[in-house]
Amino acid sequence: MKQEQPQEAYSLDSPELNVFAHIPVDNLTRDQAALELSRLAKTIAYHDELYFQKDMPQISDAAYDALVVRNRQIENLFPDLRREDSPSKRVGAPVSKGFKKVKHRIPMLSLENAFTSDDVINFFERVRRFLSLPSDQEFPIVAEPKIDGLSAALHYQRGKLRLAATRGDGSEGEDITENVRCIIDVPQTLIGKNVPESLEVRGEIYMNRSDFFALNQQRQQESEPEFANPRNAAAGSVRQLDPTVTARRPLRFFAYYYDAISGDTTMTHHEALENLRRWGFTVNPEIQLCLSIAQLQDYYNSINARRADLPYDIDGVVYKIDALQWQRRLGSVGRTPRYALAHKFEAEKAETILEDIAIQVGRTGVLTPVAHLKPVTVGGVVVSRATLHNADEIARKDVRVGDHVIIQRAGDVIPQIVSVVKEKRLPESQSFDFPATCPACGGEIVYVPGEVARRCMNRLLCPAQAVERLKHFVSRDAFDIEGLGNRNIEAFYEEGLIHSPVDIFTLAARDRESLTPLRAKEGWGSQSAANLFEAIENRRTITLDRFIYALGIPQVGSVTAKLLARHYHTLPNLLNTLQQAQDPTTDAYVDLLSLDGIGKNMAEDILSFFHEAHNLKVIDALSHELSIPAYALEMSTTSAVSGKTVVFTGTLTRMSRAEAKATAERLGAKVAGSVSKKTDLVIVGADAGSKARAAAELGVQVLDENQWMALIAAT
Ligand code: IVH
């Protein structure tokens with residue numbers, strides 16, 4: 001029989017365990033080293049558990065690596081102190097946490113969310129307009145449960161499973177082939193007729209609720225920490241480095257999409273699902289083909305009512321346009337396809353107490369009140385913060401510190417305060433006074449009547465804004481520097497190591513000269529410091545669109561940044577032209593405003609950003625550290641319209657304006673909103689007015705809709 005081990009009272013925060021953590025390895029006495037090894041063994045085991053079992057890491061990879069390195073260094077100095085439970089001894093211990101990376105051939109997209117039936121109606125109205133369908137034409141839509149798991153891509157060659165990857169950031173995931181081989185619903189070899197030679201199947205890895213409960217019960221008996229919900233259990237199991245552990249976890253897989261690399265003639269999504277079934281995959285039995293929006297609504301209601309009876313967790317319904325031809329025409333915007341929509345179930349609610357209201361200062365100085373709550377579980381997740389949006393919202397809901405409040409959480413949306421339980425309000429409670437000065441810098445706060453936001457106007461001197469700008473600069477769609485997470489940015493700012501973006505790129509050189517190098521700092525080691533410097537080094541070459549986005553120009557998100565990069569092509573050209581455009585009588589100004597997607601208000605924000613001397617100085621300093629190649633069009637460069645500037649005008653009959661624009665851009669053209677000397681082609685539909693005249697005056701080539709269709713069809 002297994003001997004009961006007395007539970008050791010142990011908290012990671014115990015001061016007596018942490019006293020030697022700051023002492024450099026070389027200075028440790030033998031006794032201190034022994035205690036340090038004991039602390040590290042426990043700490044690393046604790047973080048392994050959070051990372052590998054719970055999929056809920058509490059520290060950064062860099063901080064984790066630093067612990068492992070410190071452990072190894074101490075063991076090298078005192079080999080005889082190496083413990084039985086040392087992390088370096090553990091069989092199959094995931095000392096390096098690496099899965100191989102896999103680039104997705106086609107990006108793995110996410111879905112636009114709808115919360116109300118109006119959202120759903122609007123979505124399909126947009127689809128109808130995009131495809132120019134008459135208002136009475138019904139179009140078939142497939143409705144599927146939205147499984148609360150994690151998506152995966154499986155690659156088959158000649159019917160054999162060759163590679164499986166997680167979604168990751170959508171363009172690059174992790175190789176989980178060996179783990180996926182343990183999932184019973186995933187066929188190793190495909191069966192049936194017409195299996196494509198080369199096939200990529202996508203779907204959701206999940207765990208049934210009953211299996212999740214059984215697994216947790218077993219873990220409880222084994223004194224292992226329990227998983228918070230089936231999704232976490234599935235994610236934690238897939239990310240096991242040891243596939244024999246995954247094999248013991250009851251994972252499942254629903255297939256919902258495939259791409260046959262060539263030779264597939266399937267016309268509809270529902271036929272595609274049928275094919276997947278014939279080849280041996282499990283396709284969700286609840287999936288239904290609907291012929292009207294009303295049918296979608298019925299499906300949504302009926303599955304919502306049966307939600308608790310399904311064997312697995314779902315968090316909504318996914319609608320997909322059935323005709324694959326239409327799906328292709330609709331394409332995608334950013335990270336979401338135009339042909340699919342997630343209709344989420346109503347948010348889960350809970351009651352808790354509002355303990356405090358803190359004011360957060362954003363990148364552009366906007367002040368956002370944040371509710372600090374007594375922690376409460378909502379939909380399986382502990383919530384202790386909620387957004388209060390702005391001062392008006394606080395006043396409108398009359399939210400006061402000390403109030404009992406109802407909060408809700410829908411999917412990945414930040415939790416919100418829905419209402420106050422007024423009956424439980426204490427008589428001495430007082431309404432919230434929004435601060436009159438910036439809590440971070442004491443600067444003046446400006447409140448523009450009619451605009452909800454209050455702003456700290458101390459743009460350049462407010463430390464909170466500077467930190468937020470730096471966080472934005474290194475974020476995923478910007479420089480994407482691994483290891484420079486929010487906490488590190490804050491710490492580096494505080495220590496004076498990074499105050500401006502350019503400091504990031506001089507950090508390594510300064511560190512080499514420093515008396516207190518990064519590797520000697522708490523939470524860091526040689527390896528993690530080296531990793532950080534390498535990650536920074538890898539970003540010295542950056543695409544122009546990411547660079548523009550990273551600058552944090554108000555209103556300029558990654559879509560607009562791409563648009564600007566595509567239009568101006570190089571950084572010097574962008575700087576030059578926008579300098580000229582400061583004068584609204586110039587062509588450069590007209591040219592900026594003619595860009596489809598840039599309105600007057602946004603143009604003003606862009607111009608004033610490039611007017612500010614400080615910003616120009618930062619850009620100049622960065623350009624000495626970086627290499628920013630001319631922007632390469634990701635689109636076709638071989639089509640008849642690539643590189644040309646086109647303008648659509650009048651009513652098009654064969655496709656909507658939105659589709660025409662998306663098609664032209666896909667073929668490498670720039671679409672402008674107005675005709676100028678730079679326009680190469682004007683496509684005129686019915687009732688074209690002044691733009692057609694302007695084209696004639698400027699001698700720009702004019703095509704009618706049919707000529708345009710013929711031109712693009714030829715490419
Ligand atoms: S389709 C382009 N279908 O939801 C379409 N996704 O919020 C991408 N999901 O990343 C996915 N059930 O992990 C699709 N029946 C279903 C789904 C589903 C669950 C997940 C999937 C995706 C996420 C997007």
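This one's a predicted model, so the numbers in the text were calculated from it and none came from an experiment. Whatever order the structure lists ligands and atoms in, that order sets their numbers, starting from 1.
- Shown here is Gln360, whose CD atom has no more than 12 heavy atoms of other residues, nucleotides or ligands within 6.0 Å.
- For atom 4 (O) of ligand 1, the nearest non-hydrogen atom from the set Glu112, Glu286, Glu144, Lys146 comes from Lys146.
- Ligand 1 has at least one atom lying under 4.0 Å from a heavy atom of Lys320.
- Given atom 9 (N) of ligand 1, the protein heavy atom at minimum distance is Glu204 OE1, 3.5 Å.
- Among Lys562, Arg546, Arg335, the single residue meeting the salt bridge (charged side-chain N to carboxylate O under 4.0 Å, His left out) criterion with Asp477 is Arg335.
- Among all heavy-atom pairs drawn from Phe123 and Tyr339, the shortest one is CZ-C, 4.2 Å.
- Pro145 counts as a contact of ligand 1, since one of its heavy atoms falls under 4.0 Å from the ligand.
- Heavy-atom distances between Pro337 and ligand 1 reach below 4.0 Å in at least one pair.
- Exactly one of Val383, Val418, Ile417 qualifies for a side-chain contact (heavy atoms from CB on, under 4.5 Å) with Gln408. That residue is Val418.
- Atom 17 (C) of ligand 1 has Tyr256 CE2, 3.4 Å as its closest protein atom, hydrogens excluded (heavy atom only).
- Between Trp326 and Phe139, the angle of the ring planes goes over 60°, which puts this pair in the perpendicular group of the 30/60° scheme.
- Ranking the protein heavy atoms by distance from atom 8 (C) of ligand 1 puts Leu109 O, 3.8 Å first.
- A salt bridge between Arg306 and Glu286 is present, with a side-chain N of the basic residue lying under 4.0 Å from a carboxylate O of the acidic one.
- Taking only non-hydrogen atoms, the option from Leu111, Ile287, Ile147, Thr336 nearest to atom 19 (C) of ligand 1 is Ile147.
- Protein heavy atom closest to atom 10 (O) of ligand 1, with residue, atom name and distance, is Ser151 OG, 3.6 Å.
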Checklist entry - Where do Asp313 and Arg307 land on the salt bridge (Lys or Arg N to Asp or Glu O under 4.0 Å) test, with the steps shown first? => result CA-CA 8 Å; Asp313 278 359; Arg307 191 174 167 190; over 6 Å; no
